[in-house]
Amino acid sequence: MTFDAGNRLIAAIDTPARAEADALIARLGGVPSWLKLGLELFCAEGPGIVSDIVGRGHRVMLDLKLHDIPETVGRAAARVATLGAGLLTIHASGGRAMMEAAVKGAGATRVLAVTILTSMDAQDLVDVGFGGSVEDAVVKLAQLAQRAGCAGVVASPKEIRLIREAVGPNFLIVTPGIRPADSQAGDQKRVMTPREARAAGADLVVVGRPLRDAADPSAAARAVVAELS
Ligand code: C5P
């Protein structure tokens, strides 16, 4: 089971180094179902931090957003598979063969494909040579990820309904850009509350700063879990 239906919260551990990550994990008090480790921490500390955190009993989503030729991504995914992370991210725009190689290399680690980065708009797509709307690209990439054997996608809350219609129920939709009603949006422009994201069809939600910067991160995480269930 990739997630616990009673706890759909992934906490983003967006910290510069191990000491801050350990402190945040301790302050979260084991409330989130998953911890998301990203490029910042991975580049600072190396892969050992992933196996350490997994070894302490946490489920880890390793957010590396891999994108390269299929051979390279497959081999990198095989290295990730030895770390014990439950989820690994790649870019769907790397194409079907790249996604298939990632899925094969990752073994028991399930692969999530990022469709279109939430930081990109229609003009950015034109600039990189993609035609059509953001929505069309997201749906096409989600369907391609499903055919390639990915477990799901990472997408903006705004796109959850469209993706769900296109891929059916048995494909994970994981969404960042979540803000509890009483918190600051920060640089996330198209936000939803945990309850809205769940109602739209998200399986798991990623929350970063509203937990990291809370006076009581475990209480803030409990409030999000309650809203999601
Ligand atoms: O602090 P905040 O809740 O905005 O953090 C969201 C997390 O999700 C960050 O780790 C960010 O890198 C990540 N993310 C995102 N949008 C994406 C993919 C990942 O905000 N499309």
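Start at 1 with the first residue, then count along the sequence. Order of appearance sets the numbers: ligands from 1, and atoms from 1 within every ligand.
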Quiz prompt | Selection from P176, G208, S156 by shortest heavy-atom distance to atom 14 (N) of ligand 1 | solution = P176
Self-check item: Atom indices of ligand 1 within 4.0 angstrom of R209 heavy atoms, with elements
Solution: 1 (O), 2 (P), 3 (O), 4 (O)
Quiz item: What atoms of ligand 1 come closer than 4.0 angstrom to any heavy atom of A12?
Solution: 10 (O)
Self-check item: Side chain R147, main chain A142, donor-acceptor under 3.5 Å
Solution: no
Quiz prompt | N or O pair under 3.5 Å between K65 and ligand 1 | solution = no
Quiz item: Judged by atom type as modelled, is there a donor-acceptor pair below 3.5 Å linking the side chain of E100 to the main-chain atoms of A148?
Solution: no
Quiz item: Checking R198 side chain against A202 main chain: does a donor-acceptor pair fall under 3.5 Å?
Solution: yes
Quiz item: Near V206, which atoms of ligand 1 are under 4.0 Å from a heavy atom of that residue?
Solution: 7 (C), 8 (O)
Quiz prompt | Which atom of A81 lies closest to which atom of T109, heavy atoms considered | solution = CA-OG1, 3.9 Å
Practice problem: Provide the number and element of each atom of ligand 1 under 4.0 Å from a heavy atom of D14. | Solution: 9 (C), 10 (O)
Exercise. Verify whether one side chain among R8 and S229 offers a donor that lies under 3.5 Å from an acceptor in the other.
Key: no
Exercise. Answer with yes or no whether the side chains of D63 and T89 bring together a donor and an acceptor at under 3.5 Å.
Key: yes
Exercise. Provide the number and element of each atom of ligand 1 under 4.0 Å from a heavy atom of T118.
Key: 16 (N), 17 (C), 21 (N)
Quiz prompt | Residue-ligand contact K36/ligand 1, heavy atom below 4.0 Å | solution = yes
